[in-house]
Amino acid sequence: MKFRVLKTEITISYLIICTASICIIAGIFDSFLYCLFAIIIHETGHIILMCIFGYAPEKIKISLFEISISDRKRQERSFILNFLIIFFGPFANFICFILFYLLYLIGNDYFLYFAAANFSVGLFNILPVMSLDGGQLLYLILSRFFSDTVSQRIVNVITFIIIFPLATFGFILLFNSKYNFSLLIVCIYLVFSLICRNNKYF
């Protein structure tokens with residue numbers, strides 16, 4: 001499914017629609033909606049800052065595991081601009097977490113789920129793992145002191161070190177819940193991205 005907003009082409013994978021349908025049948029559509037809302041907030045944070053700095057994205061592809069923003073001008077920007085654009089994704093989640101949690105404390109339990117989803121998405125994305133914002137930020141910092149090759153290798157090693165305990169926790173979560181395999185799928189995706197180099201560094 002493709003459509004255009006101003007100069008940005010947006011593509012939505014039909015797999016998301018299928019997943020939403022499965023979640024409705026399984027009775028977990030609310031959880032899917034909370035996570036999707038937090039992810040949209042996260043990516044909107046990136047896009048807002050890109051537009052503020054005059055670098056509106058050319059394409060946005062929304063798939064099951066990520067929202068890919070086409071940004072061919074990242075090499076033209078300074079270190080601080082790239083750092084702020086990447087950082088503003090998790091930052092937007094943490095801001096929303098605080099706002100929704102305050103609304104929850106006022107007396108509306110419904111906002112607790114939105115707060116938890118934003119906190120989880122923000123915290124997950126700051127992990128120093130390739131294809132996540134934390135890995136991109138780490139690479140940006142390392143590339144100021146080392147060559148691109150050395151910086152990539154360091155992030156790759158840290159990625160494998162972090163993915164192993166994540167996968168272990170994913171197995172424990174699946175064993176205890178009998179159905180929650182979401183973390184395992186994310187770990188598989190991260191490993192696949194690292195091996196196939198689908199996600200590029202700056």
Side-chain angles (χ1 to χ4, degrees), residues 1-20 23 29-104 108 110-140 182 185-186 189-190 193 198-202:
M1 181 186 303
K2 291 184 179 181
F3 57 94
R4 185 174 292 274
V5 176
L6 298 179
K7 296 182 179 180
T8 303
E9 179 184 285
I10 300 176
T11 304
I12 300 178
S13 171
Y14 285 104
L15 191 57
I16 293 181
I17 300 174
C18 295
T19 303
C23 290
F29 181 70
D30 288 349
S31 299
F32 173 81
L33 199 60
Y34 297 140
C35 292
L36 182 62
F37 178 73
I39 292 172
I40 291 174
I41 287 176
H42 177 93
E43 299 300 335
T44 300
H46 293 309
I47 294 170
I48 287 175
L49 229 60
M50 289 176 68
C51 292
I52 289 176
F53 293 142
Y55 297 96
E58 299 173 1
K59 297 180 181 179
I60 299 174
K61 184 178 180 181
I62 304 173
S63 59
L64 183 58
F65 296 107
E66 66 173 349
I67 299 179
S68 176
I69 301 175
S70 176
D71 181 18
R72 298 180 181 178
K73 297 182 179 180
R74 59 181 64 182
Q75 296 288 353
E76 300 176 6
R77 296 192 297 260
S78 64
F79 166 82
I80 188 63
L81 289 185
N82 280 325
F83 188 94
L84 290 173
I85 288 172
I86 298 171
F87 177 75
F88 208 74
F91 181 73
N93 284 127
F94 291 133
I95 291 297
C96 287
F97 160 71
I98 295 173
L99 293 175
F100 286 128
Y101 190 73
L102 290 175
L103 290 172
Y104 159 72
N108 194 329
Y110 183 72
F111 289 105
L112 180 61
Y113 302 105
F114 285 106
N118 274 280
F119 181 78
S120 299
V121 170
L123 186 63
F124 180 76
N125 272 277
I126 62 173
L127 290 175
V129 174
M130 192 200 79
S131 77
L132 298 179
D133 293 332
Q136 295 288 327
L137 290 174
L138 178 60
Y139 172 79
L140 275 179
S182 56
I185 293 177
V186 170
Y189 164 74
L190 292 176
S193 296
N198 288 336
N199 293 87
K200 298 179 180 179
Y201 291 100
F202 282 90

Would the number of heavy atoms belonging to other residues, nucleotides or ligands and lying under 6.0 Å from CZ of Phe87 be above 12? no
Which pairs of donor and acceptor atoms, one on a side chain in residues 111-124, lie under 3.5 Å apart (sequence neighbours left out)?
residue: Asn118; atom: OD1; partner: Asn93; partner atom: ND2; Å: 2.9
residue: Asn118; atom: ND2; partner: Phe114; partner atom: O; Å: 2.9
residue: Ser120; atom: OG; partner: Ala116; partner atom: O; Å: 2.9

In this structure, is the centre-to-centre distance between the rings of Phe91 and Phe94 below 6.0 Å? no
Give, for atom CD1 of Ile48 and atom CD of Glu43, the distance between the pair rounded to the nearest 0.5 Å. 11.5 Å
Residues which pass ring-ring contact (aromatic ring centres under 6.0 Å, His included) with Tyr101, listed by chain and number, not counting sequence neighbours: Phe97, Tyr104
For Leu99, which residues count as a side-chain contact (heavy atoms from CB on, under 4.5 Å) partner, sequence neighbours excluded? Ile95
So, using side-chain contact (heavy atoms from CB on, under 4.5 Å) as the criterion, who are the partners of Leu84 when residues are at least two apart? Leu49, Phe53, Ile80
Which atoms form the tightest heavy-atom contact between His46 and Pro90, and what is the distance? CE1-CD, 4.3 Å
So, taking the atom named CD in Gln136 and the one named CG in Asn125, what distance separates them when rounded to the nearest 0.5 Å? 11.0 Å
d(Leu140 CG, Ile85 CD1) to nearest 0.5 Å is 10.5 Å
Listed by chain and number, what are the side-chain contact (heavy atoms from CB on, under 4.5 Å) partners of Ile98, not counting sequence neighbours? Leu102
With sequence neighbours left out, write down each residue that passes ring-ring contact (aromatic ring centres under 6.0 Å, His included) with Phe83, or none if nothing qualifies. Phe79
Hey, what do you get for CD1 (Ile86) to CG (Leu138), rounding to the nearest 0.5 Å? 11.0 Å
